[in-house]
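Here is the structure we will look at.
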Amino acid sequence: MHLAAFLNAGPQGTVGWRHPDAGDGFLDAEHYVQIARILEDACFDLAFVPDSLAVPRSLGDTFDPAVRWGTGTPRLDPLPVITIMAAATRHLGLAATVSTGYHEPYNLARTFATLDHLTGGRAGWNVVTSFQDAEAQNFGQDALPDRTARYDRAEEFLEVTARLWDSWSDDVLIRDKGSGTFGRPEEVSAIDHDGAHFRVRGPLGVPRPPQGYPVVIQAGASPSGRDFAARWADVIFCSHESLESAVDFARDIRARVAARGRDPEQVRILPAATTVVGSDARDARRRHGEFVDLVAPEAGLSRMAYHVNVDLTEYDLDGPLPELEEVGVDGHYREILEFARREELTIREIGKWYGARTEGNMVGSPTDIADTMERWLEAGAADGFMIQATHVPAAFGDFAGEVVPELRRRGLIRSDYSGTTLRDHLGLRRPEPGEWRQRAGSQRSKELS
Ligand SMILES: Cc1cc2nc3c(=O)[nH]c(=O)nc-3n(C[C@H](O)[C@H](O)[C@H](O)COP(=O)(O)O)c2cc1C
């Protein structure tokens, strides 16, 4: 079972900062170093830092609720955050979220290749296409481009990035002091890419990364998001309201991966799991209840509106949630719909639930939580979990101190690292040079051949 930790570069979750045991150091390096050490001592595969490029404005077109309640803001830049965590650890994988909508492939390929070298192959990139109008408005656009346009750009972005990583073969550097020969120019090539979105000559100014390609993570849940993930992702992060929907999702993803000619065993699916650990089920429920009490419905609503990129103040908050057509994060919206239909709640009530939701219902004793995780693994819904602490660093400490020993006792997780790179931890092979051809859409492969 693989373990990742979901860690905001800012306050955790909707109300994590309000928890009596929460630290308030999210602007300090020491906060991230402390968490990195907890995770490495527990032999987590990786820490994962999400991101957003705006202060959310989805509730009433104002940033007031986001700032007032601390929902989705502030967000430090994840790249320096994971760099600091990397310097304090030796094994832990480190992944940062960077949007294909508002960066250029050359910068991105260079930054992640650099990180992969400096960390000895521990870097991961969470590829997102972004989901808020507020983000688009920070980069010269009036609104978020539609999903097709976003994935179209993302597809070309990944192709260019992977080609840049491959633009140096694995053995360019000779560094022969005697002859003065530094490297083999015949092992480096330009890429001469000229596409709809990018023109990039190449080669990259950084040698091929130790992992070949840093680990590519993806969380798009719409049909286009799933196809994109099936082509490019090594790790798929998702979020589900029930075991049944998680099983359906995993089945669908594996089928899409196989249809693309990739090995479904070379893709790891990690559903989110917010764990609340107690000495027994009752104690855990009490702790969870105390946490839920911290959530103001407006704070939950603000977070929900931000994730679905729809101004919910346009609807009657004491009425049912209407069917929304174009939403921001499809995966979160499906989860919300499934829950709202089952429980027949008003928008306001759903907001309260959303602010404190605990995916996978992992509230219980260490044994209960390990049982649930094992059930999800056996059902084929997961290869591991993205642990979402309710408050940090304490809830990661609870998980590491109480659930990890139980998982180890069952032989489900490692007690020591055996490999050195993030791909080693995840059991993923290193991509061969040129593998981008196989991953790029079949249409592109045809054009290129
Ligand atoms: C569990 C989960 C976590 C996500 N984390 C981020 C994030 O940190 N930053 C971001 O911009 N998008 C994030 N997303 C959004 C997606 O990666 C994707 O860009 C968005 O959902 C639109 O694609 P879709 O419609 O295919 O889902 C997340 C989505 C899910 C389901």
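Remember, predicted model here, so these are calculated numbers, not experimental data. Counting starts at 1 for both ligands and their atoms, in listed order. Just so it is clear, the values below take in all heavy atoms, side chains as well, and ignore hydrogens, waters and symmetry mates.
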_Assess whether a salt bridge exists between D398 and R287, defined as any Lys/Arg side-chain N lying under 4.0 Å from an Asp/Glu carboxylate O._
yes
*Who are the side-chain hydrogen bond (donor to acceptor under 3.5 Å, both in side chains) partners of T73, not counting sequence neighbours?*
none
*Name the residues with a heavy atom less than 4.0 Å from ligand 1?*
P50, D51, T97, V128, T129, S130, F131, R147, R150, Y151, A219, G220, A221, S222, G225, F237, S239, G328, V329, D330, H332
*May I ask you to decide whether R334 forms a salt bridge with E338, counting only side-chain N to carboxylate O separations under 4.0 Å?*
no
*asked:* Using ring centroids (six-membered ring only for Trp), state whether Y32 and F26 fall under 6.0 Å.
replied: no
*Salt bridge or not for D146 and R150, using N-O below 4.0 Å?*
no
*Lys/Arg-Asp/Glu bridge criterion (N-O < 4.0 Å) met for R57, D311*: no
